[in-house]
Amino acid sequence: MSKPTYYITTPIYYSSGSFHLGHCYTTVICDAIARFKRMDGYDVFYLTGTDEHGQKVQQKAEAAGVTPKQYVDKLYDQIVRLWKVLGIDYDKFIRTTDDYHEKTVQKIYEKLLASDDIYKSVYEGWYCTPCESFWTESQLADGKCPDCGREVKLQKEESYFFRLSKYQDRLIKFYEENPDFISPKSRMNEMINNFIKPGLKDLCISRTTFDWGVKLPFDPKHVAYVWIDALTNYITALGYMQEDHSLFDKFWPADLHMVGKEIVRFHTIIWPALLMALDLPLPKKVYGHGWLLFGNDKMSKSKGNVVDPFVLSERYGADVIRYYLLREIPFGSDGSYNNEALLIRTNADLVNDLGNLVSRTAAMITQYFGATIPRPSGYTELDRELISLCEHTLDKVRADMDNLSAPDALADIFAIIQRANKYIDETTPWTLNKNGDKDRLATVMYVLAECIRFAATLLTPFIPATSARIFEKIGLPQPDDFGGLTRFGMIGEGVTVNKGDNLFNRIDVDKELKELDKLKEQSAPVEERQPEIPEITIEDFARIKLTTAKVLSCEKVAKSDKLLVFKLQVGDEVRQVVSGIAQYYSTEYMLGKTVVLVSNLKPAKIRGVESNGMILCAADGKSVVFVTPEKDIGSGKEVR
Ligand code: ME8
């Protein structure tokens, strides 16, 4: 008999910045669900990828002086490395710049045009480029984007529109008939009250003011709106409208689109309406999880409060991060990240509970039975309590995972671990050994080894690498499924444990917190510690005049440790400029050097000394160095 299928997706990540721990949250949860379902007998397809088109990417690439493709390639490498480090076992990675995806998006637009679901008109309204979202005047919050609070721009351009309004009634009917479609339930009400009830407007689905996107085949000066391009990834990745559509036939409709709460709107209104227009079945569930906060703010690059998952996993290992994200953040709600909670949770659960159980058991079996797991000889009431707990936990964990609650699932698995630790204290194996009660000692050791086998099997989807190490220690192969959990007592004869190193080492929380603070200071790029500087256009940049200048003279400004006053040759002109680099350069050293000057900066008086420009320097928080041309090019030359 063929296995039931399960299709799960993460959003495709924007390729317009670096990735932080908040991004890992969605992916780690999906990975745990996908792994759980695989072990539970499902044929799983887990899709993730990158969202690589759009105005935001084009602007970032321009600012970085590279092509959009070069820009997204770099981010692609970064995210693939990140998922590898975190042990994310996806079945497919889609990039929206993949040729098959672009071609299918074009076919989808053609199909929508043919069914009269799209028409050409003029868009006039507000656009938030960071969110790539259109807003009406009334939807704005204090004139800003209601999602991210940033500036919006008034946009007027010829566009194609999707007849979203046509699907309003069908959407409401669909929600009524499928009350579990949007989870948690509160998000369903939010969608109905905030978006559907005020009336759905037709959606602008093409742009003409930039060209980094999928060109519409019937009107190539238009590129596809990035959200339509992005949402369709869930079907193009499976081969929809392509020669080989076997995966699409097998896995569509999706069982679960896991998304952050801010993008539920796109997945529960636009996406189902689009699928209705394409005459396709709708996904079974969209789950909008909460945000990982830092203090009270969403962790995000623009807020400069990101936690670098590479740094954390290098220090503690991927499973510590996975465990923390899955266990500590209440699912569906926002959760606040802090280093201390991570370290305390690691010490309490992974070092104390899990680590101790495994190392104590392996050490006792080694000491009392020459490392071979002994055979049990009759169970007592106490043993039966543990046996029953083990045998019932899979059902509980399955129910937790059906509710998509990894924290509950982990709490249920840790109940075995905590009970087994208590069992060691209750049975005091060292006394049994002293009293020569070998039979009872053997049973106790066997019960413990079995508890570890049950716990490690159940932990596999959540902390796979640790589970593999536990199986190595108890001398058993790591199972691929939950088949071994049907019955307690499956460890056979002659299995040998390998004590080895500790699974996790205790962390000195105070010391480590200081280390982490130091690391944050050193590693956080300067820009992340400063208030956000908004993006500028190439035209904005053209307003800044940068010029080479040669130092004719240099003196310290009286009564200042920091300031130097320069006379600079700028072409035919001599300029006086004050610069705060006295702590880094001597006056003699600067003589004759060529610097780069912001030469159209409004004159200002610094400590009473007139300054006509600013010398460009690079700084890393510890030192400051001035910027100089790579070869002598003379003074007064334009820098671009
Ligand atoms: O939204 N806490 O991409 P994205 C929890 N390209 N989750 C967070 C988070 C945080 N601090 N920050 C980000 C996009 N995320 C679109 C998706 S799908 C067709 C297109 C989550 O890179 C966020 O909620 O901005 C989302 O689920 C995922 O990271 C990707 O966000």
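Ligands are counted one by one from 1 in listed order, and the atoms in each one are counted from 1 as well. The figures that follow rest on heavy atoms only: side chains count, while hydrogens, waters and symmetry mates do not. Predicted model, so just to flag it, every value in this text is computed and none were measured.
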**Prompt:** In terms of atom number and element, which parts of ligand 1 are under 4.0 angstrom from non-hydrogen atoms of Ala230?
**Reply:** 19 (C)
**Complete:** Atoms of ligand 1 under 4.0 Å from any heavy atom of Gly22, numbered from 1 in the order shown, are 2 (N), 5 (C), 7 (N), 8 (C), 9 (C), 10 (C), 11 (N), 15 (N)
**Request:** Could you tell me which atoms of ligand 1, counted from 1 in the order shown, lie closer than 4.0 angstrom to a heavy atom of Pro11?
**Result:** 17 (C), 18 (S), 26 (C), 27 (O), 28 (C)
**Message:** Against ligand 1, does Met258 come closer than 4.0 Å with any heavy atom?
**Reply:** no
**Asked** Cut-off 3.5 Å, side chains only: do Thr5 and Asp43 have a donor facing an acceptor?
**Response** no
**Request:** Below 4.0 angstrom from a heavy atom of Gly260, which ligand 1 atoms are there? Numbered from 1 as shown, please.
**Result:** 24 (O), 27 (O)
**Exercise: do Thr208 and His222 side chains pair donor with acceptor under 3.5 Å** = no
**Prompt:** Which is closest to atom 21 (C) of ligand 1 by heavy-atom distance: Thr26, Ile29, Thr232?
**Reply:** Thr26
**Message:** Whether the Tyr100 and Asp244 side chains hold a donor-acceptor pair (N or O, under 3.5 Å, no angle test) is what I'd like checked.
**Reply:** no
**Prompt:** Counting only heavy atoms, which portion of Glu262 has something under 4.0 Å from ligand 1: side chain, backbone, both, or neither?
**Reply:** side chain
**Item:** Check: Leu231 N/O within less than 3.5 Å of ligand 1 N/O
**Value:** no
**Request:** Tell me which one of Tyr14, Phe266, Phe19 gets a heavy atom nearest to atom 22 (O) of ligand 1.
**Result:** Tyr14
**Request:** Please state whether Tyr234 comes within less than 4.0 angstrom of ligand 1, counting heavy atoms only.
**Result:** yes
Using distance only, find each side-chain donor-acceptor pair of residues 278-289 under 3.5 Å and give its atom names and separation, not counting sequence neighbours.
| unit_1 | atom_1 | unit_2 | atom_2 | d |
| --- | --- | --- | --- | --- |
| Lys284 | NZ | Asp255 | OD1 | 3.0 |
| Lys285 | NZ | Asp180 | O | 3.1 |
| Lys285 | NZ | Ser183 | OG | 3.0 |
| His289 | NE2 | Thr26 | OG1 | 2.9 |

**Request:** Using heavy-atom distances, let me know which of Ile329, Val264, Ile263 sits nearest atom 1 (O) of ligand 1.
**Result:** Ile263
**Message:** Quick check on contacts: which atoms of ligand 1 are under 4.0 angstrom from a heavy atom of His23?
**Reply:** 13 (C), 22 (O), 29 (O)
**Request:** Mark up the atoms of ligand 1 that fall under 4.0 Å of a heavy atom belonging to Asp51, in ascending order.
**Result:** 6 (N), 16 (C), 20 (C)
**Item:** Residue-ligand contact Trp227/ligand 1, heavy atom below 4.0 Å
**Value:** yes
**Asked** With a 4.0 Å heavy-atom cut-off (strictly under), which part of Leu292 contacts ligand 1: side chain, backbone, both or neither?
**Response** both
**Any side-chain donor near an acceptor of the partner, Glu132 and Tyr127, under 3.5 Å** = yes
**Request:** Would you please say whether a donor-acceptor pair under 3.5 Å links the side chains of Thr10 and Tyr90?
**Result:** no
**Request:** Scan side-chain atoms only and decide if Gln55 and Thr209 contain a donor-acceptor pair under the 3.5 Å cut-off.
**Result:** no
**Residue pairs passing the ring pair (Phe, Tyr, Trp, His ring centres under 6.0 Å) test where at least one lies in residues 101-120, sequence neighbours excluded** = Tyr119-Phe161
**Message:** Measuring from atom CZ of Arg265 to atom CZ of Arg187, what distance do you get when rounded to the nearest 0.5 angstrom?
**Reply:** 14.0 Å
**Message:** Within the 3.5 Å criterion, strictly below it, is a donor on Tyr234 or His267 matched to an acceptor on the partner's side chain?
**Reply:** yes
**Request:** Determine whether any heavy atom of Glu132 lies closer than 4.0 Å to an atom of ligand 1.
**Result:** no
**Any donor-acceptor N or O pair under 3.5 Å, side chains Trp291, Glu262** = yes
**Asked** Going by the order shown, which atoms of ligand 1 are within less than 4.0 Å of some heavy atom of Gly290?
**Response** 5 (C)
**Request:** Would you mind listing which atoms of ligand 1 come within a distance below 4.0 Å of any non-hydrogen atom of His289?
**Result:** 5 (C), 7 (N)
